[in-house]
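Encoded as structure tokens, the structure appears first; notes follow it.
Since this is a predicted model, take the numbers as computed values, not measurements. Order of the sequence lines sets the chain letters (A, B, ...), proteins ahead of strands, with each chain counted from 1.
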Protein chains: 2
Amino acid sequence: MADLTKEKIIQQARMLFIELGYEKVSMRGIAKDLGCSHGALYYHFKNKTALFSRVLDFYFQELNSIIDTIMEQTENDRVQELFLGFIRFGLDHPHQYELMFMLKSEEMDSLMQRAATESFERFEAAVKEAGNINPQNGEIYSIFLALHGFVSLHLHRAENFEAVAKAAKRYVTFLRKTI
Amino acid sequence: MADLTKEKIIQQARMLFIELGYEKVSMRGIAKDLGCSHGALYYHFKNKTALFSRVLDFYFQELNSIIDTIMEQTENDRVQELFLGFIRFGLDHPHQYELMFMLKSEEMDSLMQRAATESFERFEAAVKEAGNINPQNGEIYSIFLALHGFVSLHLHRAENFEAVAKAAKRYVTFLRKTI
DNA sequence: AATTTAATTGACCACTGGTCAAATAAGGAG
DNA sequence: CTCCTTATTTGACCAGTGGTCAATTAAATT
């Protein structure tokens with residue numbers, strides 16, 4: 001027994017959520033893919049929300065590692081890379097981005113905000129370091145919001161990042177002017 | 001009979017969607033409030049989505065009329081008023097805003113885009129007129145996206161517009177610099 | 001071997017969106 | 001008024017959902 005671990009459940013759920021979105025993934029669906037009953041899932045996670053919040057952690061880790069990778073570069077304009085990197089991440093992983101930043105859910109809010117805030121702080125620190133600046137008054141937060149606006153409204157119109165790469169670059173240039 | 005009109009259904013649904021959000025409103029719930037069976041609703045609207053899209057039209061009309069009202073002013077900086085007006089609308093009607101701009105739904109997309117696009121065009125024309133400018137390359141669209149970013153991320157953290165009025169004004173000033 | 005603990009099952013509940021044959025009401029036509 | 005057609009409305013029904021829980025099974029401990 002016990003080959004049904006929390007980890008295995010999270011991994012399976014992770015793929016399903018990305019493929020189908022939050023609503024269309026059912027606990028029974030996850031259980032079926034894992035070859036167990038849906039009741040078993042409720043032994044490991046108290047409800048669908050709790051399972052999803054664990055999956056969310058994974059998603060944010062991915063975004064964090066993208067930021068880290070960009071910061072390891074030396075030759076490029078890393079501020080621009082950070083801005084574009086965020087947009088690219090959103091548009092190339094639309095379902096995932098939606099789950100991370102566009103899902104509304106009472107109980108989820110605090111959990112999501114935890115990871116989301118952490119990701120933002122990493123983003124903010126990276127921008128400061130890359131741009132060798134130290135703006136206050138939440139200017140970087142404003143930029144973050146603006147990037148989110150771009151992503152969220154292009155999410156389902158654009159096929160992927162490449163499809164709006166030009167517009168994204170223009171937008172990023174437009175935003176850079178402000179700091 | 002026939003005192004159950006499309007209009008009555010739309011009005012009741014309109015309030016319920018705002019109060020509870022899309023998911024938590026059920027056709028049975030609407031029917032109960034109207035004193036009819038849920039089956040009757042399916043005579044007037046082919047499904048929940050179709051009913052909701054009619055409700056959405058109402059919501060966008062409200063936004064449109066806010067834009068119109070601002071444009072009737074003469075003394076104020078109407079560009080700033082337009083930007084702030086959009087943010088205020090979003091934060092003071094969070095549920096409604098969510099339904100208008102943050103709901104993802106396959107079939108809904110085209111319908112929502114129709115009304116949303118119309119609203120944006122009105123916004124764009126207003127900004128051009130108020131600012132006496134004619135920017136190209138979708139700069140106004142960029143600003144619209146940026147405003148949406150601000151609203152969407154403050155939607156459930158802020159109690160209402162007043163709670164973030166200062167940040168909103170800073171943000172708007174920040175955006176104005178770009179055109 | 002006996003007992004305790006960890007995990008799993010599947011029947012069950014109240015709910016959802018949606019369908020549809022049947023019942024009901026309304027309006028004309030003769 | 002009757003007959004027929006058309007416009008509504010009902011409520012049983014379906015497949016599906018998230019969630020609960022007593023009963024069972026497997027594993028570890030004594």
Side-chain angles (χ1 to χ4, degrees), chain A residues 1-56 95 98-99 103-112, chain B residues 1-57 95 98-99 102-112:
Chain A
M1 232 188 202
D3 56 340
L4 177 68
T5 62
K6 278 189 169 60
E7 281 312 309
K8 278 195 180 177
I9 297 173
I10 292 171
Q11 290 312 315
Q12 187 61 243
R14 190 174 62 92
M15 300 189 299
L16 283 176
F17 280 127
I18 290 178
E19 187 187 344
L20 305 171
Y22 183 75
E23 301 294 343
K24 287 192 178 170
V25 171
S26 69
M27 293 299 264
R28 281 168 177 79
I30 299 170
K32 196 178 172 187
D33 282 16
L34 287 165
C36 68
S37 73
H38 73 281
L41 302 181
Y42 284 93
Y43 176 79
H44 296 278
F45 300 94
K46 83 173 203 284
N47 52 34
K48 187 182 176 183
T49 307
L51 168 55
F52 179 62
S53 92
R54 294 296 306 275
V55 172
L56 264 187
H95 285 303
E98 236 170 62
L99 297 166
L103 204 67
K104 159 228 152 72
S105 139
E106 288 72 75
E107 33 193 338
M108 188 53 67
D109 257 13
S110 59
L111 293 165
M112 184 164 93
Chain B
M1 234 187 204
D3 56 340
L4 177 69
T5 62
K6 278 188 168 61
E7 280 312 309
K8 278 195 180 179
I9 297 173
I10 291 172
Q11 288 313 314
Q12 188 61 244
R14 190 175 62 91
M15 300 190 298
L16 284 175
F17 279 127
I18 288 178
E19 187 188 344
L20 304 172
Y22 183 75
E23 302 294 345
K24 287 191 178 170
V25 170
S26 68
M27 294 299 263
R28 280 167 177 80
I30 299 170
K32 196 178 173 188
D33 281 16
L34 287 166
C36 68
S37 73
H38 73 281
L41 302 182
Y42 286 93
Y43 175 79
H44 296 279
F45 300 94
K46 82 172 205 285
N47 53 33
K48 188 182 176 183
T49 307
L51 168 54
F52 179 62
S53 92
R54 293 296 304 278
V55 172
L56 264 187
D57 285 340
H95 285 302
E98 236 170 62
L99 296 166
M102 297 175 70
L103 203 67
K104 160 229 152 71
S105 140
E106 288 72 74
E107 34 193 340
M108 189 54 65
D109 256 15
S110 58
L111 292 165
M112 186 166 91

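Atom CD of B:E23 and atom C1' of C:dG17 are 11 Å apart (whole Å). Rounded to whole Å, atom P of C:dA7 lies 14 Å from atom NZ of A:K8. At whole-Å resolution of the value, NZ in B:K46 and C1' in C:dC20 are 18 Å apart. In this structure, A:F45 places its CZ atom 16 Å from C1' of C:dA6, rounding to the nearest Å. In this structure, NZ of B:K24 is placed 16 Å from C1' of D:dT17, rounded to the nearest angstrom. Protein atom CE of B:M27 is 10 Å distant from nucleotide atom P of C:dT19, rounded to whole Å. In this structure, the CG atom of A:N47 is 22 Å from the P atom of C:dC13, given to the nearest Å. The NZ atom of A:K48 sits 17 Å away from the C1' atom of D:dT20 (whole-angstrom rounding).
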Worksheet entry | side-chain contact (heavy atoms from CB on, under 4.5 Å) assessment of B:Y22 paired with B:K48 | CA-CA 10 Å; B:Y22 183 75; B:K48 188 182 176 183; 3.8 Å; yes
Item to complete: Show your working on side-chain contact (heavy atoms from CB on, under 4.5 Å) between B:E7 and B:H44 and close with a plain yes or no.
Response: CA-CA 10 Å; B:E7 280 312 309; B:H44 296 279; over 6 Å; no
Discussion item. Test side-chain contact (heavy atoms from CB on, under 4.5 Å) on B:L51 and B:I30; report intermediate values, then the result.
Written reply: CA-CA 11 Å; B:L51 168 54; B:I30 299 170; 3.8 Å; yes
Worksheet item: Going through the distances and angles, do A:F52 and A:L99 end up as a side-chain contact (heavy atoms from CB on, under 4.5 Å)?
Response: CA-CA 9 Å; A:F52 179 62; A:L99 297 166; 3.8 Å; yes
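Residues in residues 8-19 of chain B take part in these side-chain hydrogen bond (donor to acceptor under 3.5 Å, both in side chains) pairs, two or more places apart or across chains: B:Q11-B:R14. Sequence neighbours left out, not one pair with a member in residues 31-42 of chain A passes side-chain hydrogen bond (donor to acceptor under 3.5 Å, both in side chains).
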Check nucleotides 9-11 of chain C against the protein and report each pair of N or O atoms closer than 3.5 Å, with its distance, or say if there are none.
unit_1, atom_1, unit_2, atom_2, d
C:dT9, OP2, A:S37, N, 2.8
C:dT9, OP2, A:S37, OG, 3.2

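Contact annotation: B:H44 reaches the phosphate of D:dT9 (side-chain N/O to OP1 or OP2, under 4.0 Å).
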